[in-house]
Amino acid sequence: MASAQGDVAAGPAWQRLQQHYETARGLQLRELFDADPTRGETFTATAGELYVDYSKHRLTAETLELLVALAEERGVPEQFAAMVTGQKINTTEGRAVLHTALRAPRGTVVEVDGVDVVPGVHEVLDKMAGFADSVRSGEWKGHTGKRIRTVINIGIGGSDLGPAMAYDALLPFTQRDLDFRFVSNVDGADIYEATRDIEADETLFIVSSKTFTTQETLANAHTARDWLLGKLGDESAVAKHFVAVSTNASAVGEFGIDTDNMFGFWDWVGGRYSFPSAIGLSLMIAIGPDGFRELLAGMREIDEHVRTTPLDRNVPVLLGLIGVWYRDFFGAQAHAVLPYSNYLGKFPAYLQQLDMESNGKYVRKDGELVTVDTGPIVWGTPGTNGQHAYYQLIHQGTTMIPADFIGIARPAEEIGEHQDLLVANLFAQTEALAFGKTPDEVRAEGVAEDLVQHKTFPGNRPTTTILAAELTPRVLGQLVATYEHKVFTQGVIWGINSFDQWGVELGKVLAKRIAPELTEAEVDLAHDSSTNTLIRRYRSMRGR
Ligand SMILES: O=P(O)(O)OC[C@H]1O[C@](O)(CO)[C@@H](O)[C@@H]1O
């Protein structure tokens with residue numbers, strides 16, 4: 001098997017790319033398009049219903065060949081096969097990585113330690129569907145016999161971002177007489193604002209936590225429980241108003257939620273890959289079991305695409321490789337994701353966890369330090385708002401920011417000319433970024449000489465455009481799985497473990513130590529002088 005271990009920079013494919021970069025760094029998009037008038041048709045690919053244009057990148061057919069050779073040398077296809085067949089590729093935690101099994105059709109066999117996991121996946125999906133239907137229809141009654149009107153998902157990170165993002169993305173497909181809220185932050189304002197204007201006897205809390213030990217989620221869940229009991233005054237109300245999604249049945253039981261009302265998943269589902277599991281329960285209630293199945297079907301299409309499509313047309317692999325090209329050869333530190341769809345407003349935030357928690361690593365799988373740069377800083381907000389805020393820097397700043405522009409052709413609601421205006425802006429931005437405006441073009445407009453440089457656009461700024469006809473559950477599933485496998489591809493290239501997250505641990509441990517120090521004024525502080533002083537200031541501001 002080709003190796004995803006070891007130093008990628010030491011391999012022949014990387015060295016060839018390095019040599020190629022010496023000339024490729026000077027590529028100009030204007031010249032590339034002039035030299036090949038069909039570039040905008042040929043440097044494109046499709047995956048599911050996603051049309052992907054990667055022509056506006058600073059690369060040639062040779063660059064792509066060399067990048068594909070890198071993917072082959074690093075064993076991307078073999079590593080993908082290892083992942084989807086349940087091998088324990090999350091080596092630092094000794095776990096399989098099987099989010100693809102969450103969307104495997106009934107009857108598929110995927111084994112972990114000799115046990116087929118697919119029947120369990122469908123058992124949970126069926127249980128979720130039964131529950132979702134009963135909440136949607138009003139058959140599920142609260143403590144006082146009323147139907148549920150508000151569903152509040154309590155969770156953080158992967159137990160929040162996926163369902164919250166997808167709920168917004170699929171708003172037109174949701175049952176509009178139900179209200180959905182997502183509480184994640186340990187800031188009490190989050191749970192307070194989510195509960196201040198609703199009726200307890202019409203509210204369902206879904207406590208979502210893979211581990212059921214996460215401080216923020218447990219604090220919010222306890223506050224929600226106190227709020228409910230304060231309103232309804234009866235411990236037995238908890239059974240009708242709280243359900244849990246977790247891998248940790250004993251902790252769920254200890255919290256007081258009947259494990260009959262628990263929807264399980266497994267340690268082979270990473271938090272940031274978990275929303276097609278029971279973590280998507282709130283979303284399934286919102287869009288219905290059929291809508292959720294469509295989402296899974298969209299993901300499955302991309303899983304199949306990755307498994308069966310040659311690397312040079314394999315969309316997630318290409319996106320991953322193009323990302324490596326900029327990150328490691330051009331030194332681009334950031335990657336923007338700019339959805340031209342208001343419904344996709346939370347998609348960049350969702351991708352931040354998917355990408356940065358997966359590939360923000362400085363240690364390789366083999367325990368050695370990386371010698372090349374790994375995951376970029378991922379950020380973005382919906383177009384067109386960003387155009388009037390930070391696009392200035394993308395067009396004329398000193399940093400290259402490769403960007404993904406995501407567009408939808410047919411809106412859920414056709415409102416006058418809005419959609420055409422929106423998409424015109426998307427296309428205009430990628431055109432302007434790629435081709436810019438030369439000083440001579442500015443002069444030809446009669447601009448005074450002292451303003452020519454200010455009004456010049458250097459261009460040559462790379463973008464990918466992803467276009468879909470409609471934002472359906474299936475298309476959203478395709479988008480999410482495309483990015484999942486893009487991140488996977490990059491992790492394999494860099495030789496890192498994209499499925500652990502040790503970097504979040506230290507802060508958690510220190511917060512546990514500091515929390516009691518904020519309330520007990522007498523305690524001896526043994527931190528650094530900055531932290532000690534901040535703690536004392538805080539105590540004094542709180543009158544302690
Ligand atoms: O679902 P849990 O166990 O509450 O964890 C929430 C999130 O916390 C993290 O472990 C990071 O702190 C994420 O990986 C995870 O998605």
Side-chain angles (χ1 to χ4, degrees), residues 89-99 102 124 128 152-167 182-187 190-191 205-225 242-255 257 262-283 346-361 375 378 480 483-484 487-488 491 496-515:
I89 63 166
N90 177 354
T91 44
T92 60
E93 296 180 310
R95 289 178 182 166
V97 176
L98 274 177
H99 40 281
L102 298 171
V124 174
M128 288 165 66
I152 301 184
N153 185 74
I154 297 178
I156 197 164
S159 300
D160 163 69
L161 290 164
M165 174 278 291
Y167 172 71
F182 295 85
V183 170
S184 54
N185 200 325
V186 75
D187 183 341
D190 207 0
I191 186 78
F205 291 98
I206 303 176
V207 185
S208 299
S209 175
K210 179 176 169 181
T211 55
F212 229 78
T213 59
T214 304
Q215 183 204 54
E216 293 91 334
T217 299
L218 289 185
N220 279 320
H222 280 288
T223 301
R225 196 169 180 277
F242 275 82
V243 298
V245 178
S246 188
T247 58
N248 186 348
S250 61
V252 169
E254 268 166 41
F255 177 84
I257 296 176
M262 170 179 151
F263 299 83
F265 62 115
W266 308 271
D267 74 355
W268 41 261
V269 183
R272 52 195 174 273
Y273 298 88
S274 66
F275 103 86
S277 74
I279 289 292
L281 181 61
S282 53
L283 178 69
K346 291 187 179 151
F347 194 58
Y350 168 76
L351 289 185
Q352 281 180 325
Q353 188 199 14
L354 178 66
D355 199 321
M356 294 166 80
E357 201 173 73
S358 296
N359 285 347
K361 309 278 165 72
V378 177
V480 168
Y483 279 94
E484 284 178 351
V487 166
F488 171 82
I496 56 180
N497 180 357
S498 299
F499 303 102
D500 60 12
Q501 55 285 317
W502 300 108
V504 302
E505 293 304 323
L506 179 58
K508 289 185 191 174
V509 172
L510 292 178
K512 270 203 186 122
R513 179 175 152 201
I514 291 172

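Order of appearance sets the numbers: ligands from 1, and atoms from 1 within every ligand.
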Kindly list each side-chain donor-acceptor pair under 3.5 angstrom involving residues 242-253, sequence neighbours excluded, with atom names and distances?
from: Ser246; atom 1: OG; to: Ser209; atom 2: O; distance (Å): 2.7
from: Ser246; atom 1: OG; to: Lys210; atom 2: O; distance (Å): 3.1
from: Ser246; atom 1: OG; to: Asn248; atom 2: N; distance (Å): 3.0
from: Thr247; atom 1: OG1; to: Lys210; atom 2: O; distance (Å): 2.5
from: Asn248; atom 1: OD1; to: Ser250; atom 2: OG; distance (Å): 3.2
from: Asn248; atom 1: OD1; to: Ala251; atom 2: N; distance (Å): 3.1
from: Asn248; atom 1: ND2; to: Thr211; atom 2: O; distance (Å): 2.8

For the pair Arg95 and Trp268, evaluate side chain to side chain contact (heavy atoms under 4.5 Å, CB included) and give the outcome as yes or no after the intermediate values. CA-CA 6 Å; Arg95 289 178 182 166; Trp268 41 261; 5.5 Å; no
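With Thr217 as the partner, the side-chain contact (heavy atoms from CB on, under 4.5 Å) test is satisfied by one option alone out of Thr213, Asn220, Thr214: Thr214.
For a heavy-atom separation below 4.0 Å, the residues in contact with ligand 1 are Ile156, Gly157, Gly158, Ser159, Ser209, Lys210, Thr211, Thr214, Gly271, Gln353, Glu357, Gln501, Val504, Lys508.
Taking the salt bridge (Lys or Arg N to Asp or Glu O under 4.0 Å) definition, one finds that Asp187 meets it with nothing, sequence neighbours left out. Remark: Tyr167 pairs with Phe180, Phe182 by the ring pair (Phe, Tyr, Trp, His ring centres under 6.0 Å) rule, at least two apart or across chains.
A cation-pi contact links Arg225 to Phe255, judged by a cut-off of 6.0 Å to the six-membered ring centre and 45° from its axis.
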